[in-house]
Number of protein chains: 2
Amino acid sequence: MAIRPAEQLIHKAAWLYYAHGLRQDQVASQLNISRASVAMYLRKARETGIVNISTSTQLFTDDVLARKLEDALKLDAVWIAPGNDHIADPSMEIAVLAASVFLELVKKGDRIGVAWGRTVYTIADIMSYADLQDVTVVQLCGNLGAPYSYRPDQCTMEIARRLNAKGLNFYAPLVLSTEELARALRAEPVIREQLSGIGECDLALYSVGAVDADSHLVKCGALTPDEMAELRSRGAAGVIAGQIIDADGKLLDCSYNRRVISAELSSLRAIDRRLMVVQEDSKFEPLLAAIAGGLCTHLVVGARMAQRLLDHAGAAASEKAS
Amino acid sequence: MAIRPAEQLIHKAAWLYYAHGLRQDQVASQLNISRASVAMYLRKARETGIVNISTSTQLFTDDVLARKLEDALKLDAVWIAPGNDHIADPSMEIAVLAASVFLELVKKGDRIGVAWGRTVYTIADIMSYADLQDVTVVQLCGNLGAPYSYRPDQCTMEIARRLNAKGLNFYAPLVLSTEELARALRAEPVIREQLSGIGECDLALYSVGAVDADSHLVKCGALTPDEMAELRSRGAAGVIAGQIIDADGKLLDCSYNRRVISAELSSLRAIDRRLMVVQEDSKFEPLLAAIAGGLCTHLVVGARMAQRLLDHAGAAASEKAS
DNA sequence: CGCTCGGTTTGACTTTTGTCGAAGGCCGTG
DNA sequence: CACGGCCTTCGACAAAAGTCAAACCGAGCG
């Protein structure tokens with residue numbers, strides 16, 4: 001194919017332009033091609049991650065609020081997307097920030113676990129490209145034959161594609177109809193291997209789901225609204241990688257959880273850096289549960305959520321003191 | 001000072017422009033400033049490393065020659081700057097490449113050892129800025145009160161400045177007039193500490209010097225041309241961090257070496273990643289000596305030098321076989 | 001109080017870059 | 001061998017970014 005020489009050219013053009021600081025016309029004459037071609041090559045270079053443009057997310061951790069939250073919640077790092085800021089869609093802002101933070105956290109040779117949800121997919125969608133050939137992206141939970149475009153495998157694959165990394169999908173349904181079958185499937189070598197590989201991840205990216213009728217679990221038919229309500233009344237507080245957790249961040253003892261094929265919470269906790277991103281203000285309780293369960297070490301949230309978390313932590317502390 | 005609010009603005013402008021992909025005029029209207037200001041802020045952002053633009057150096061390792069060299073010399077990675085390439089100054093090309101490679105090798109939290117020389121200073125000079133607050137750059141050898149602008153401490157400081165990192169200088173002369181004094185100085189707590197800290201570096205950056213009258217050691221008056229010639233006849237093959245090594249890469253047993261305050265070769269070898277950069281074709285033997293001594297794991301050279309190294313390795317191998 | 005100094009900010013101008021339709025080349029296919 | 005699809009390249013134009021001198025602002029000082 002005619003792509004090989006182009007690859008070379010793209011690389012060379014990017015090199016001369018970005019590393020040497022030549023102008024496009026200078027690059028063009030060096031390479032004996034037209035300036036327009038250079039412009040095109042450079043776009044490709046940016047799109048394929050041959051050149052990386054990243055902006056420090058320092059600003060968002062520098063926030064006093066972020067520092068306080070890190071202390072109060074014992075997290076390694078917190079990033080806060082300023083809420084008000086003019087017109088821009090606030091949830092998008094969080095996603096853009098999360099994508100930057102994510103790219104900043106990825107290191108060469110990493111194995112990255114990715115869960116699924118609208119948040120994760122949004123992040124994948126706006127994430128810029130990078131060139132990390134020795135990175136592996138693994139799917140943290142089984143698949144959901146969803147009507148949505150953000151199925152678990154798609155989240156994984158899209159992120160792998162952006163990173164030029166290897167994607168490792170999980171070829172099992174997220175939920176099975178009987179506990180029996182789930183157990184049997186989990187015992188399958190392929191699945192077993194995938195599941196045990198999760199603990200070896202260096203970085204995880206996920207969000208937390210709410211326990212309500214709007215949950216994907218309901219929308220995808222894994223649970224009925226009634227079942228969801230019942231789980232809620234039994235203490236369900238959030239959804240992590242397709243599993244239901246209670247307010248302490250522990251796996252809820254229920255049939256549903258036993259029918260799920262997903263990363264065990266203990267495997268998740270074994271991952272060094274666990275980046276949790278929460279866009280919706282409504283996910284306050286689920287997020288508290290996830291934090292209580294030690295499921296996140298790095299957190300990206302909006303300003304309002306950050307304030308609520310801090311208020312809550314403060315209230316809990318003073319309550320304890322009294 | 002009025003810099004603080006500007007810092008914020010620079011950050012915000014960079015964020016909106018690079019992360020969100022807005023145009024400069026859009027950023028300007030969001031921030032209620034003129035587009036010209038935005039342009040200025042963005043330049044500052046690039047200059048201070050708030051935004052990072054890096055191009056993959058993949059191309060230069062992909063070279064078959066580079067692969068062969070890695071095998072032949074048992075190095076972790078080799079980058080080859082294409083020699084002929086049109087008009088551009090070939091030694092500059094090597095420096096630009098080396099700077100990119102260096103930035104690619106630096107990780108957060110690293111401690112970096114830097115030696116000195118024209119090569120290192122050239123690299124420092126063209127290196128782009130980055131924002132690595134938790135990095136420390138340490139000087140690998142004592143200072144030379146040189147007529148040059150690239151004194152050891154300046155190399156260290158300049159690199160630290162570019163990286164926004166901490167610079168740790170070495171407040172001792174490189175060469176003393178008596179072995180006695182050198183020994184005493186090395187025993188000083190401050191110096192001792194600095195020297196022992198070298199083994200804890202994660203990354204080293206240096207070049208290798210030639211043993212001839214053009215050497216900095218001669219130009220700076222540390223050695224006379226005659227002394228140099230004598231050392232050469234006694235087996236001196238190269239200069240590493242101010243110390244003379246023989247063709248096997250071992251420290252040459254001579255008075256000069258005993259009068260030097262610098263990183264011990266064993267400390268250097270204890271560093272994980274040792275990036276050696278050689279610009280001049282004339283440094284073939286010194287480079288061979290450094291490689292023989294295991295003083296480099298990562299190598300950046302020009303195409304001609306690469307070819308010579310490979311030829312040499314091939315010849316040595318066939319000689320051995322016969 | 002008015003002055004200068006260092007800096008930021010601005011509008012106007014220039015240069016550089018992005019983009020588009022058209023043209024050219026290459027390859028597999030009919 | 002001609003044809004059509006696909007990609008690269010080109011020239012020209014429009015949009016965006018860079019630059020510069022002049023205006024502005026606030027702080028410190030005589």
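Labels below follow one simple rule: chain letters A, B, ... track the order of the sequence lines, proteins then strands, and each chain is numbered from 1.
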Report task. Mind calculating the distance between CG (A/L42) and C1' (D/dA16) to the nearest angstrom? Result -> 15 Å

With 3.5 Å as the limit, what N/O pairs link the protein to nucleotides 20-26 of chain C?
none

Query - Short side-chain N/O contact from B/Y41 to OP1 or OP2 of C/dT9, under 4.0 Å - result: yes

Query raised in the report: Under 4.0 Å: is that the gap between some side-chain N or O of B/K44 and OP1 or OP2 of C/dG7?
Result: no

Query raised in the report: Can the ring centres of B/F60 and A/W15 be said to be less than 6.0 Å apart?
Result: yes

**Report entry** Heavy-atom side-chain contact between A/R161 and A/M157 under 4.5 Å
**Finding:** no

Requested in this report: Scan side-chain atoms only and decide if A/E104 and A/W79 contain a donor-acceptor pair under the 3.5 Å cut-off.
Outcome: no

**Report entry** No-hydrogen, no-angle side-chain donor-acceptor test under 3.5 Å, A/T122 and A/T119
**Finding:** no

Query raised in the report: Given atom CE of A/M40 and atom P of D/dC6, what is their separation to the nearest angstrom?
Result: 17 Å

Query raised in the report: Across the strands shown, which category fits A/I33 at heavy-atom distances under 4.0 angstrom: base, sugar-phosphate, nothing?
Result: sugar-phosphate

Report summary line: By side-chain hydrogen bond (donor to acceptor under 3.5 Å, both in side chains), B/D125 pairs with (sequence neighbours left out) none

Polar atom pairs between nucleotides 13-17 of chain C and protein, under 3.5 Å, N or O only, would you list them?
unit_1: C/dT16; atom_1: OP1; unit_2: A/R23; atom_2: NE; d: 2.6
unit_1: C/dT16; atom_1: OP1; unit_2: A/R23; atom_2: NH1; d: 3.4
unit_1: C/dT16; atom_1: OP1; unit_2: A/R23; atom_2: NH2; d: 3.4
unit_1: C/dT17; atom_1: OP1; unit_2: A/Y17; atom_2: OH; d: 2.9
unit_1: C/dT17; atom_1: OP2; unit_2: A/Q24; atom_2: N; d: 2.9

Query raised in the report: B/N169 and B/Q139: side-chain donor and acceptor closer than 3.5 Å?
Result: yes

Query raised in the report: Side chains of B/Y18 and B/R46: do they bring a donor and an acceptor to under 3.5 Å?
Result: yes

Report task. Starting from C1' on C/dT19, measure out to CZ on A/R43 and report it in whole angstrom. Result -> 8 Å

Query raised in the report: Looking only at side chains, do A/H20 and A/Q26 share a donor and an acceptor under 3.5 Å apart?
Result: no

Query raised in the report: Are B/D110 and B/R273 ion-paired here, with the side-chain N under 4.0 Å from a carboxylate O?
Result: yes

**Report entry** Interatomic distance where CG belongs to B/L16 and P belongs to D/dA17 [whole Å]
**Finding:** 13 Å

Query - Residue-phosphate contact under 4.0 Å: B/S34 side-chain N/O, C/dT9 OP1/OP2 - result: no

